[in-house]
Amino acid sequence: MIKKADIVIIGGGIQGCSIAYNLAKKGAKNIVILEKNTCASGSSGRCGAGIRQQFGTKMNCILARESMKIFETLSEELDYDIELNQAGYLILAYTEKEINQFKKNVVLEQSLGIEAKMVTPEEAKEIVPPLNLEGIIGGTFCPTDGNVNPLYTTFGYAEAAQRLGVKYYPFTEVTEIETEDKRILSVITNKGKILTPIVVNAAGGYSGPVGKMAGVDIPVYSQRHQILITEPIDPLWKPMLMSFSENYYFQQLPDGGVLGGYGDPEHEIIGDNVGSSWQFSRTMAKKMVKLVPILKEVHMVRQWAGLYNMSPDAQPILGEHPQLKGFYMSVGFSGHGFMLAPVTGRLIAELILDGKTSIPIDKLDIGRFKRGELICEPSVV
Amino acid sequence: MKDETIICRCEDVTWGEIRQALEKGYTTLNEIKRITRAGMGRCQGKTCQSILLREIAKYCNKKIEEVDVTTFRPPTKPVKLGTLAGDNDD
């Protein structure tokens, strides 16, 4: 294994691969990705595949919009078909309070050039004919939201990065990070030691423990989120169906399978358990069959779980640690890491190489928690 | 084996696709599943996994028992969403 590097990235998922690719594209050399398992074996390969631009804060809308712009040409850029499917997101409202929030969101989104609009229940039914409208009083629809294949996207970034000279080491687990005078010195792995002045923590569900190795306390924890998928069936509808108050998201993917999940922060296991529970599949099936009754005849074939890396305000923590020079973080995405990775990977690369970013991310620094400047995003599952 | 031989019948994955993944350096069953979709279909790998294990072992000069299998995930066989949701008319 290599003994010395300019930049060591810990975590070979979508964040690490996007950062490495963007660094190499900007001309950086001697970049190493350390992955304790194999590419996309963690949460990147377990995510719900959705990519959306409908958010409730200006910063999230801008980041998501820019990420979508990158997704739109990413297959060509990476020379890997990531199966982009801009089928839209239909976000459904069940209460007046939600409608009022969605109205605000849509004004914000439209002011930023995002094509979202309010829809009536009747319009929702036109977009998704098999929809059961019970309890639904309206919603929002953005036709340019959609999904990609998260596995192909991660492999695409990893292979493109390697073509630009990045070294990707699978089955290489970091055990220690050595520091001196508040600077990074080296990274020790199960396969040897690498001297480096810069470490990027892109360890997803394991970013907290990686922080501790460097003596840094990152206020994140990991929590299990589960997903199920059905057998492929004939096309029934296109967009992602989502609700914050009723707590679900599910969508028919281009290959015909219907994939869905929901959040259960009160009951789900904290830590790195990615086993499956029968309670999840029962509850998820109930939600799916209620909303799209025809699905009761469709077979579920598989369920799995991944980790949300949660921060105190459900927003990512991006940037260099103020007390440890050379220790960069791209962590705490709280369930939105995959869809934001194209843009955040580019911004972290800019930050490392230029010291500044083309879109401001200074408000996403780790210092915001001490300052009490948390960012409250109203629209998350 | 011919390139056009179907290895995974549920997802229509051919030996040619598997061979290309192996030659790219993806020599674990997990990686091959993620890249080719072999084993992700209706039977969840019950048919193709043993063939894949044999071919990975051959390619890597390993014994078949030295090749890691993928995680077995529920359900054991496909279940209707209506059954899971409590509609027992099945």
Side-chain angles (χ1 to χ4, degrees), chain A residues 37-41 44-46 80 83 149-152 154-156 158-159 162 168 170-171 226-233 250 253 255-258 260 274-305, chain B residues 6 8-13 17-18 20-49 52-53 56 59-60 62 66-90:
Chain A
N37 198 313
T38 53
C39 185
S41 58
S44 307
R46 297 161 184 270
Y80 202 119
E83 299 183 342
N149 184 316
L151 298 165
Y152 296 170
T154 312
F155 280 105
E159 290 186 8
Q162 289 175 87
Y168 190 113
F171 299 115
Q226 303 189 62
I227 290 179
L228 67 76
I229 192 163
T230 72
E231 62 191 327
I233 48 170
F250 64 97
L253 296 173
D255 77 343
V258 181
V274 286
S276 297
S277 80
W278 60 267
Q279 291 92 339
F280 166 78
S281 50
R282 290 267 292 166
T283 307
M284 191 65 219
K286 281 184 185 139
K287 289 172 188 270
M288 291 166 85
V289 166
K290 185 184 174 196
L291 203 65
V292 181
I294 196 172
L295 288 177
K296 70 174 193 256
E297 299 300 330
V298 178
H299 293 84
M300 161 194 172
V301 294
R302 178 169 75 251
Q303 69 178 105
W304 68 92
Chain B
I6 303 270
C8 169
R9 297 187 298 195
C10 303
E11 294 284 343
D12 276 348
V13 185
E17 292 168 74
I18 306 289
Q20 281 172 16
L22 286 166
E23 285 169 2
K24 262 184 168 179
Y26 298 117
T27 55
T28 65
L29 189 55
N30 263 316
E31 288 168 305
I32 287 172
K33 178 180 173 183
R34 288 181 211 129
I35 289 168
T36 67
R37 295 194 57 82
M40 284 197 190
R42 204 176 189 283
C43 89
Q44 291 293 297
K46 287 188 188 70
T47 313
C48 65
Q49 195 166 90
L52 288 168
L53 288 170
I56 291 170
Y59 187 85
C60 299
K62 282 181 178 176
E66 291 168 351
V67 182
D68 285 336
V69 296
T70 54
T71 308
F72 290 93
R73 302 186 192 281
T76 307
K77 65 172 203 167
V79 185
K80 277 187 183 175
L81 290 177
T83 307
L84 280 167
D87 173 0
N88 294 323
D89 296 338
D90 203 11

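Throughout, protein chains are lettered first and strands after them, A, B, ... in sequence-line order, and every chain is numbered starting at 1.
The CG atom of B:Leu84 lies 14.5 Å from the NZ atom of A:Lys296; values are rounded to the nearest 0.5 Å. Within the model, atoms OG1 of B:Thr28 and CG of A:Asn37 stand 7.5 Å from one another, a figure rounded to the nearest 0.5 Å. Between the NZ atom of B:Lys80 and the CD atom of A:Glu297 there is a distance of 4.0 Å, given to the nearest 0.5 Å.
Across all their heavy atoms, A:Arg282 and B:Thr83 have their closest contact at NH1-O, 3.9 Å. Across all their heavy atoms, B:Pro74 and A:Ser276 have their closest contact at CG-CB, 3.7 Å. The nearest pair of heavy atoms linking A:Asp255 to B:Arg37 is OD2-NH2, 3.1 Å.
Heavy atoms closer than 4.5 Å to chain B are found nowhere in A:Tyr168, neither backbone nor side chain. With a 4.5 angstrom heavy-atom cutoff, A:Met300 touches chain B via backbone and side-chain atoms both. Only the side chain of A:Phe171 has a heavy atom closer than 4.5 Å to any heavy atom of chain B.
Under the 3.5 Å distance criterion, with hydrogens and angles disregarded, no donor-acceptor pair is assigned to the side chains of A:Thr154 and B:Arg34.
Taking A:Thr283 as the reference, A:Tyr262, A:Lys287 meet the side-chain contact (heavy atoms from CB on, under 4.5 Å) condition, with sequence neighbours excluded. With sequence neighbours excluded, no residue satisfies salt bridge (Lys or Arg N to Asp or Glu O under 4.0 Å) with B:Lys46.
Chain B forms more heavy-atom pairs under 4.5 Å with one residue of A:Lys290, A:Gln303, A:Glu231 than with any other, namely A:Gln303.
Between the side chain of A:Arg302 and the main chain of B:Met40, a donor-acceptor pair closer than 3.5 Å is present.
Counting non-hydrogen atoms of neighbouring residues, nucleotides and ligands closer than 6.0 angstrom, the CD1 atom of A:Ile294 reaches no more than 12 such neighbours.
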